[in-house]
Amino acid sequence: MADYDFDVLVIGSGPGGYVAAIRAAQLGLKTACVESRETLGGTCLNVGCIPSKAMLHASELFEEAASGKLAKLGIKGTVELDLETMHAQRREAVKGLTGGIAFLFKKNKVEWIKGRAAFTGTDTVDVGGKSYRAKNIVIATGSSVTPLPGITVDNDKQIIVDSTGALELAKVPGHMVVVGGGIIGLELGSVWKRLGAKVTVVEYLDMILPGMDGEIRKESLKLFKKQGLEFKLSTKVTSAEVNGNKAHLSVEPSTGGDAETIEADVVLVSIGRRPNTDGLALDKAGLAVNGRGQVEIERDFSTSVPGIWAIGDVVPGPMLAHKAEDEGIAVAENIAGLTGIVNHDIIPSVVYTMPEIAGVGLTEEQAREKGEIKVGKFPMMANSRAKTNHEGDGMVKVIADAKTDRVLGVWIIASLGGTMIAQAAQAMEFGGTSEDIAYTCHAHPTHSEALKEAAMAVQGKPIHI
Ligand SMILES: Cc1cc2nc3c(=O)[nH]c(=O)nc-3n(C[C@H](O)[C@H](O)[C@H](O)COP(=O)(O)OP(=O)(O)OC[C@H]3O[C@@H](n4cnc5c(N)ncnc54)[C@H](O)[C@@H]3O)c2cc1C
């Protein structure tokens, strides 16, 4: 250890990096974490999962109260929007949670090195002119917003913004155009729709939510339309100009055809995210990125250079916080000589709209390609708790192997879908069958009973439909 400053030096303190650092320290390794942001927690805690959920939660409550939907529950009265207070509670949530990571670093004796790290060799990095040598270096630098050619984002002006800017809007836009019908665009578009904006989602593909189950994508589109979001599918944005307080977007059918101009008060560019490797000087460590800008890894998260590891959004796979966290634990355990494994086939994905849209495992289309399957479905309208709570939109769908009955995928649209999907992921992790889920006693009345019923429907025997 004499020559090394640390056993483990983690670059980036997002859910991948901070979790890796804490687990490494828990395993007795001398650990540091370098972070270029002012606060710990990465994209997720600062400008991603947490602030977006703070706005989704608050805007959902506002919309329920303001739209008069609560009147049928006997709750009457007028409500008004205090956007500044709504933003303040979001900032408070971020402050509390990022501060919590600083506390956990202290508690676990993880050294927080403030600044931007760049490799100077295979086991050394420079941070603000100071050199650090570590036996193991974990690249957990995450991702940033993918720019759209021809469109300049300026979050300060609040006209053409990315997801970070869309969280901070000082007033509700009259018309917001969301470029990209993926998870982030639909979540943030929903926030501003609920707060009063007209929202138009422009999507290049012919359907929203790429990567999810086809039936779930179609059903979600119907529900978003019912909520008042407007969609321009199979449409590409070719340019955007800001004139005064407005943006003018040129769009045309992605399959070719006449262009048109859309006027917007705010344009949210949310076409995806790209790995952060700029300025890392990976070449000094003998590393290169693949065609998608990612750092390639083995199953144990090692890179092609011994002692350098990589996890989270900067490596191939879904860009999700819980995937990064699990990889953080696994990489630390591998560095410590234990066996850290992440089952990348079972990573749940959730859209935190109302209802939530969640899935894990194979889509019906993928499962059918692999062999014979059985599918069981159950509508949330037939679930007593959801119906009682006036949350009848959505369904649960269980996809099982026709011969072995092993669950291959579960898809849920339900108010509590993001919570319900955990049970499906666990059943699948244990190699569970639809019968295992169907014969597991579920508390009544809960939304989770819909998962049990969908599993029963795989054998054609649900009770409540
Ligand atoms: C609006 C939005 C909502 C989201 N909602 C969800 C959600 O609900 N659920 C979910 O699972 N995922 C969500 N995500 C995705 C999630 O935030 C990411 O998948 C997750 O943060 C990735 O974690 P990470 O540790 O790989 O990287 P990041 O969280 O991106 O953290 C990387 C950190 O490394 C730092 N860094 C980069 N380069 C250097 C360097 N050279 N030196 C020092 N520090 C450096 C960065 O400043 C950053 O803080 C959302 C993302 C956005 C933008």
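Quick caveat, the model's predicted, so the values are computed rather than measured. Just follow the structure's listing: the first ligand is 1, and inside any ligand the first atom is 1.
Here's the thing with Leu188: none of its N/O atoms is less than 3.5 angstrom from an N/O atom of ligand 1. Between Ala321 and ligand 1, at least one N/O pair is under 3.5 Å apart. Polar contact check, Ala117 against ligand 1: a nitrogen or oxygen pair lies under 3.5 Å apart. Not one N or O of Ser163 is nearer than 3.5 Å to an N or O of ligand 1, by distance alone. Residue contacts with ligand 1: Leu320 is placed with a nitrogen or oxygen under 3.5 Å of a nitrogen or oxygen of the ligand (distance criterion only). Checked by distance only, ligand 1 and Ile184 stay at 3.5 Å or farther apart across all their nitrogen or oxygen atoms. On a distance-only criterion, Thr43 and ligand 1 share at least one N/O pair closer than 3.5 Å. The N/O atoms of Arg37, backbone and side chain alike, include one that comes under 3.5 Å of an N/O atom in ligand 1.
Both the backbone and the side chain of Cys44 come within contact range of ligand 1, each with a heavy atom under 4.0 Å. Residue contacts with ligand 1, taken as heavy atom pairs separated by less than 4.0 Å, do not involve Pro51 at all. Contacts of Val47 with ligand 1, taken as heavy-atom pairs under 4.0 Å, involve the backbone alone. Under 4.0 angstrom from ligand 1, the non-hydrogen atoms of Ala324 all belong to its side chain.
Using a 4.0 angstrom heavy-atom cutoff, Lys323 does not count as in contact with ligand 1. Under a 4.0 angstrom heavy-atom cut-off, Ser52 registers as being in contact with ligand 1. Under a 4.0 angstrom heavy-atom cut-off, Lys53 registers as being in contact with ligand 1.
What you find for Ala414 and Ile412 is that their closest heavy atoms are CB-CG2, 3.7 Å. In terms of heavy-atom proximity, Pro147 sits nearest to Ile271 at O-CD1, 3.7 Å. When all heavy atoms of Arg37 and Val47 are compared, the pair lying nearest together is NH1-CG2, 4.2 Å.
Not a single donor-acceptor pair under 3.5 Å links the side chain of Glu327 to the backbone N or O of Ile311. A donor-acceptor contact shorter than 3.5 Å links the side chain of Thr303 to the backbone of Ile308.
Looking only at side-chain heavy atoms (C-beta outward), Ile399 and Trp411 come within less than 4.5 Å of each other. Counting heavy atoms from C-beta on, the side chains of Ile262 and His175 come closer than 4.5 Å.
Scanning the protein heavy atoms around atom 4 (C) of ligand 1, the nearest turns out to be Cys49 N, 3.4 Å. For atom 3 (C) of ligand 1, the closest non-hydrogen atom of the protein is Gly48 C, 3.3 Å. At the shortest separation from atom 53 (C) of ligand 1 among protein heavy atoms lies Arg273 NH1, 3.3 Å. In this structure, atom 31 (O) of ligand 1 lies nearest to the protein heavy atom Gly14 CA, 3.4 Å. Protein heavy atom in closest approach to atom 34 (O) of ligand 1: Gly12 CA, 3.2 Å. Among all protein heavy atoms, the one lying closest to atom 25 (O) of ligand 1 is Gly16 N, 2.9 Å. Closest to atom 18 (C) of ligand 1 among all protein heavy atoms lies Asp313 OD2, 3.3 Å. Of the protein's heavy atoms, Thr141 CG2, 3.4 Å lies nearest to atom 38 (N) of ligand 1.
Remark: ligand 1 atoms within the under-4.0 Å shell around heavy atoms of Pro15 are 20 (C), 21 (O), 23 (O), 25 (O), 29 (O). Atoms of ligand 1 found under 4.0 Å from any heavy atom of Ile11 (numbered from 1 in listed order, with element): 40 (C), 42 (N), 43 (C). Those atoms of ligand 1 that come under 4.0 Å of a heavy atom in Ala140, given as number and element, are 32 (C), 34 (O). Less than 4.0 angstrom separates some heavy atom of Tyr352 from each of these atoms of ligand 1: 8 (O). Below 4.0 Å from some heavy atom of Ser36 lie the following atoms of ligand 1, by number and element: 36 (N), 43 (C), 44 (N), 45 (C), 47 (O). Heavy-atom proximity to Gly42, at under 4.0 Å, picks out these atoms of ligand 1: 29 (O), 31 (O), 48 (C), 49 (O). Less than 4.0 angstrom separates some heavy atom of Val34 from each of these atoms of ligand 1: 43 (C), 44 (N).
One finds a salt bridge joining Arg90 and Glu168 here, because a Lys/Arg side-chain nitrogen approaches an Asp/Glu carboxylate oxygen to under 4.0 Å. With respect to Arg91 and Glu84, a salt bridge is recorded, a charged nitrogen being found less than 4.0 Å from a carboxylate O. Salt-bridge formation is not detected for the pair Glu60/Lys53: no Lys NZ or Arg NE/NH1/NH2 atom is positioned less than 4.0 Å from an Asp or Glu carboxylate oxygen. The pair Glu219-Lys222 meets the salt-bridge criterion, since a charged nitrogen lies less than 4.0 angstrom from a carboxylate oxygen. Taking 4.0 Å as the cut-off between side-chain N and carboxylate O, Asp265 and Lys171 do not count as a salt-bridged pair. Electrostatic pairing of Glu63 and Lys69 counts as a salt bridge here, judged by a charged N lying under 4.0 Å from a carboxylate O. Taking the charged nitrogens against the carboxylate oxygens, Lys198 and Glu230 do have a contact shorter than 4.0 Å, which makes a salt bridge.
The side-chain tip of Lys236 does not point at the ring of Tyr204 from less than 6.0 angstrom away and within 45° of straight on.
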Test Asn46 against Thr39 for side-chain hydrogen bond (donor to acceptor under 3.5 Å, both in side chains), laying out the working first. CA-CA 8 Å; Asn46 288 281; Thr39 47; 2.5 Å; yes
